[in-house]
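Along the sequence shown, residues carry numbers from 1.
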Amino acid sequence: MKKECVAMLLAGGQGSRLYALTSHVAKPAVPFGGKYRIIDFPLSNCVNSGIDTVGVLTQYQPLELNAYIGTGQPWDLDRSDGGVHILPPYMRAGDQGTWYKGTANAICQNMGFIELYDPDYVLILSGDHIYKMDYSDMLRVHKERGAACTISVLEVPMSDASRFGIMNVDENDDIYEFQEKPKEPKSNLASMGIYIFTWSKLREYLLADEADENSSNDFGKNIIPAMLSAGEKMTAYRFHGYWKDVGTINSLWDANMDMLSVSNGFDLYDTEWPIYARTPTKPPHFTGPKAHISHSMVTGGCEIWGDVENSVLFSSVTVEEGARVHYSILMPGVVVKKGAVVEYAIVAENAVIGAGARVGTPPSEAENADDWGIAVVAQNLNVGDGAVVNANAMITRDVKGGIQA
């Protein structure tokens with residue numbers, strides 16, 4: 001059962017900034033890119049990097065995520081000597097049980113799982129990022145530098161640095177200071193929330209942190225500052241490539257639109273680093289005689305009779321004759337009826353946009369640029385015939401015809 005490195009994937013966040021899209025599902029289970037879920041990306045990175053033992057720490061609305069992961073077969077993680085394991089919070093002897101109180105506490109509660117595999121190193125991942133990374137290269141750097149902790153960092157514009165946890169490093173990329181969302185950042189090396197720890201060191205700091213009643217039990221707020229204060233060897237691993245935190249409506253929409261660009265630095269068609277997914281068995285998509293599709297992703301089971309441009313359509317979407325879908329994301333099972341217009345919007349699973357309805361507004365038509373944003377319709381809802389859903393609206397219940405939302 002001995003493993004050199006075990007991955008722990010934090011997938012229990014509520015995803016409150018995605019509002020209606022995560023009212024019934026955990027953020028890592030949100031559909032992305034036409035046929036994927038967000039969690040497919042770190043899981044695929046693990047198996048492509050040769051890491052075959054992954055613990056997925058779930059908490060908020062876990063049912064769909066648990067069912068989606070299943071035995072791990074789509075990612076080649078259905079193994080008897082490792083594989084993928086769902087790790088929810090649980091009640092232990094002598095206590096009342098508790099939710100995960102923070103990222104560090106989530107790992108601490110699952111030390112028993114980690115120790116089953118007696119790893120030398122533990123990789124900590126987030127379940128809400130879109131990227132490709134070879135974790136084996138990051139592990140190589142960690143070992144070569146003899147680090148207790150290696151943190152993956154990305155150069156961001158200095159104007160955006162105050163939004164991130166910033167790592168200040170010396171000429172050898174060893175970390176000497178960590179600033180959490182500083183007003184005046186000293187560098188532009190932003191933490192990606194991807195860590196490799198030497199397990200013996202991490203275990204020591206997790207136990208000390210758990211014993212501190214005043215701790216937030218968080219890696220960024222507690223574990224990393226404690227290790228820095230103690231003088232542990234901590235180093236930065238510089239990542240060069242596409243990376244997107246899809247924790248907000250706008251960033252999720254942006255990342256889906258990026259998938260339509262050939263120059264975005266992220267190749268979904270790369271056979272050397274495939275992104276695996278559990279995909280439904282559907283017939284090929286069908287286009288009617290008057291259909292027009294331009295610069296879009298249209299997946300299996302879709303029926304297109306209308307106009308689709310610059311959009312991402314998941315499985316079994318129907319766009320009826322005379323309907324128009326531009327710069328939008330339609331999740332599985334969405335129906336856009338005759339004459340409806342969907343622009344700059346995200347429509348969640350199995351929602352129905354009624355005949356002649358309008359959802360979303362182009363930026364050029366916004367009366368106030370500060371108030372403009374992506375319109376969102378939650379899953380299983382009906383937007384009635386002729387209804388209007390304005391830009392930046394968040395629809396969480398059925399909308400009757402003619403009502404401005």
Phe41 ring center within less than 6.0 Å of Tyr36 ring center: yes
Which distance, rounded to the nearest 0.5 Å, do you find between the OG of Ser162 and the CG of Asn188? 12.0 Å
Can a salt bridge be assigned to the pair Lys2 and Asp120 using a cut-off of 4.0 Å between side-chain N and carboxylate O? yes
Less than 6.0 angstrom from the centroid, inside 45 degrees of the normal: does Arg37 satisfy that with respect to the ring of Tyr68? yes
Residue pair His285, Ser315: steps toward the side-chain hydrogen bond (donor to acceptor under 3.5 Å, both in side chains) verdict: CA-CA 8 Å; His285 76 266; Ser315 63; over 6 Å; no
Could you tell me whether the side chain of Thr53 and the main chain of Gly82 form a donor-acceptor pair under 3.5 Å? no
Derivation of the salt bridge (charged side-chain N to carboxylate O under 4.0 Å, His left out) call for Asp52 and Lys3: CA-CA 9 Å; Asp52 63 5; Lys3 299 287 183 180; 3.2 Å; yes
Ignoring hydrogens and angles, tell me if any N or O in the side chain of Ser316 forms a donor-acceptor pair with the backbone of Gly333 under 3.5 Å. no
Going by an N to O cut-off under 4.0 Å, is there a salt bridge joining Arg238 and Asp173? yes
For Asp128 and Ser126: C-alpha separation, side-chain torsions, deciding distance, then whether side-chain hydrogen bond (donor to acceptor under 3.5 Å, both in side chains) applies. CA-CA 6 Å; Asp128 55 0; Ser126 174; 2.4 Å; yes
Check for me whether the distance between the ring centres of His142 and Tyr121 falls short of 6.0 Å. yes
Would Lys132 and Phe266 count as a cation-pi pair here, with the cationic atom under 6.0 angstrom from the ring centre and within 45° of the axis? yes
Would a distance-only check, ignoring hydrogens and angles, find a side-chain to backbone donor-acceptor pair under 3.5 Å from Asn264 to Leu260? no
Which label fits Trp253 and Tyr327: parallel for a plane angle under 30°, tilted from 30 to 60°, or perpendicular past 60°? tilted
Backbone N or O of Pro88 within a donor-acceptor pair of the Tyr100 side chain at under 3.5 Å? yes
Aromatic ring pairing Trp243/Phe164, orientation class (parallel under 30°, perpendicular over 60°, tilted between): tilted
Looking at Asn382, is its backbone amide N or carbonyl O close enough to the side chain of Asp398 to form a donor-acceptor pair, meaning the two atoms are under 3.5 Å apart? yes
Nearest 0.5 Å, what's the CG-OG1 distance between Leu313 and Thr318? 9.5 Å
Classify the ring geometry between Phe197 and Tyr195 as parallel (under 30°), tilted (30 to 60°) or perpendicular (over 60°). tilted
One thing to verify: whether Lys282 and Glu303 come together as a salt bridge, which I'm taking to mean a side-chain N less than 4.0 angstrom from a carboxylate O. no
Once you round to the nearest 0.5 Å, how far does CE of Met8 lie from CG of Leu202? 9.5 Å
Kindly compute the distance separating CG (Asn45) from CG (Asp40), expressed to the nearest 0.5 Å. 10.5 Å
